Peer 1: 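This is the structure, below, for whatever I ask next.
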Amino acid sequence: MRLFNRAISSLAHLAALPLLLIAALSVPAGAEEVRMPMPYQLGLQDPVSPVGVRIGEFHDFLLWLIFAISVFVLALLVYVCFRYRASANPNPSRTSHNTMIEILWTAVPVIILVVVAIPSFKNLYYLDRAVDPDMTIKVIGNQWYWSYEYPDEELVFDSYMLEGEDLQKANGTRMLDVDNPLVVPTGKKIQVLVTSNDVFHSFFVPSAVVQIYAVGGRTNETWMQFDKEGTFYGQCNQICGIRHAYMPIVVKALNEADYAEWLKGAKEEFAMNRDAPVRVAVNAN
């Protein structure tokens, strides 16, 4: 099965081979992992999380299952067209139904659905929620930017898309790079709590296979784990207003030492101000 998966993956990426060769020549050896949408991309982004690996394997399994069904149906159509053509059957059959065939075309689809449902339910259960997470991050969707909160570290900051001169100074990627990315350590199971301050949003990071809705007044839960260092791009995946396309997601996965260094600086820059006075709206009338 592993050989089959590799073969189909190679075929799926064949059309993008020239682009991949150009990218390989332009990226220096030892460069960090980067996952973002690519022109003419086929297939899923290479996974960097345990959930991504499982979903990729499930995708390949379904691909082969669909391929087998399609070949069978095509062969059956060819056989029927040849066997029951008018020249070979001058007197057509008057048969109105066949009990065995009706049982088969009812039972076989049910069996196929059961075969698909078993691994599907296993994956749904696996990605449902984090068991004994190493850390918690709260993600808040806003029109039109993201807010990230690290409750255990008393740290919170906003993440806006870079535009104009800011994008040029950062030498970033248009429509994808942000001023303050979400930074996480590699190899840690991260509980992600997602909500919204206004309309529906969707937190979507393809390389980690994370997609969950941000709903106002409700906190949804998922988890992610990055097994590779690098920069991983995502976007809001729910139409949320006029600037829906302008709230990308950037996740930077660092090793423990680099993450500790970033956390030290981030606490000085973004730490919650506990001593800030609470302001209450006053009726001017």
Side-chain angles (χ1 to χ4, degrees), residues 1-71 73-74 116 120 123 127 144 146 159-164 166-168 170-178 181-182 201-213 224 226-240 242-253:
M1 187 66 181
R2 188 181 298 274
L3 293 176
F4 289 153
N5 292 344
R6 290 179 179 176
I8 198 65
S9 178
S10 299
L11 291 174
H13 290 85
L14 186 59
L17 184 57
L19 180 64
L20 295 175
L21 289 174
I22 294 172
L25 292 173
S26 61
V27 176
E32 69 171 9
E33 298 279 346
V34 177
R35 298 286 188 274
M36 67 172 66
M38 299 296 292
Y40 308 107
Q41 179 179 345
L42 296 175
L44 306 175
Q45 290 188 14
D46 292 337
V48 294
S49 70
V51 172
V53 172
R54 291 174 68 115
I55 296 301
E57 292 174 348
F58 184 54
H59 167 271
D60 293 341
F61 165 71
L62 289 181
L63 183 61
W64 282 107
L65 180 63
I66 293 170
F67 177 75
I69 294 172
S70 300
V71 170
V73 172
L74 177 61
V116 172
S120 179
N123 287 328
L127 60 84
W144 287 271
W146 295 97
S159 179
Y160 289 86
M161 187 185 76
L162 291 176
E163 299 183 81
D166 294 331
L167 180 64
Q168 294 178 0
N171 194 27
T173 303
R174 180 178 176 271
M175 303 289 289
L176 286 179
D177 272 303
V178 299
L182 175 63
H201 301 279
S202 179
F203 185 74
F204 177 45
V205 184
S207 55
V209 190
V210 172
Q211 180 178 347
I212 187 167
Y213 285 114
M224 58 186 181
F226 292 86
D227 293 330
K228 296 182 179 180
E229 296 181 50
T231 303
F232 310 104
Y233 291 87
Q235 290 175 306
C236 177
N237 201 33
Q238 172 71 30
I239 297 178
C240 56
I242 191 172
R243 286 183 63 85
H244 157 66
Y246 298 88
M247 50 184 304
I249 300 163
V250 180
V251 181
K252 292 187 72 71

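Here the structure is a predicted model, which means the values were calculated and not measured.
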Peer 1: Does any non-hydrogen side-chain atom of Y213 lie less than 4.5 Å from one of S202?
Peer 2: yes

Peer 1: How far does CD1 of I69 sit from CG of L62, to the nearest 0.5 angstrom?
Peer 2: 9.5 Å

Peer 1: Quick check: do I55 and L127 have side-chain heavy atoms less than 4.5 Å from each other?
Peer 2: yes

Peer 1: To check you understand the geometry: which heavy-atom pair defines the closest contact between G52 and P47, and what is its length?
Peer 2: C-CB, 3.4 Å

Peer 1: Is there a donor-acceptor contact under 3.5 Å linking the side chains of D177 and Y233?
Peer 2: yes

Peer 1: Identify the two heavy atoms, one from D46 and one from S207, that lie closest to each other, and give their separation to 0.1 Å.
Peer 2: O-CB, 4.0 Å

Peer 1: Please determine whether side chain to side chain contact (heavy atoms under 4.5 Å, CB included) holds for the pair L182 and F203, giving the CA-CA distance in whole Å, both sets of side-chain angles, and the decisive distance to 0.1 Å.
Peer 2: CA-CA 12 Å; L182 175 63; F203 185 74; 4.2 Å; yes

Peer 1: Which residue, M224, E229, K228, forms the side-chain contact (heavy atoms from CB on, under 4.5 Å) with F226?
Peer 2: M224

Peer 1: Enter the distance from W146:CH2 to Q235:CD here, rounded to the nearest 0.5 Å.
Peer 2: 11.0 Å

Peer 1: If we ignore hydrogens and angles and just use 3.5 Å, is the side chain of H244 paired with the main-chain N or O of Q238 as donor and acceptor?
Peer 2: yes

Peer 1: Return yes when atom CG of L65 has more than 12 non-hydrogen atoms of other residues, nucleotides or ligands closer than 6.0 Å, and no otherwise.
Peer 2: yes

Peer 1: Distance check, rounded to the nearest 0.5 Å: Q45 atom CD versus F232 atom CZ?
Peer 2: 9.5 Å

Peer 1: Would you indicate whether the side-chain heavy atoms of C236 and H201 approach each other to under 4.5 Å?
Peer 2: yes

Peer 1: Should we count CZ of F204 as having more than 12 external heavy atoms under 6.0 Å?
Peer 2: yes

Peer 1: Starting at CZ of F61, measure out to CD1 of I66 and round the result to the nearest 0.5 Å.
Peer 2: 10.0 Å

Peer 1: Does V250 reach the side chain of L176, with side-chain heavy atoms less than 4.5 Å apart?
Peer 2: no

Peer 1: How many angstroms lie between CD in E57 and CG in N123, if you round to the nearest 0.5 Å?
Peer 2: 9.0 Å

Peer 1: If I compare all heavy atoms of S49 with all of A208, which pair ends up nearest, and what's the gap?
Peer 2: OG-O, 3.1 Å

Peer 1: Tell me whether W144 contacts the main-chain N or O of C240 through its side chain, where contact means a donor paired with an acceptor under 3.5 Å.
Peer 2: yes

Peer 1: Which atom names give the shortest non-hydrogen contact between M161 and M175, and what distance separates them?
Peer 2: SD-CA, 3.7 Å

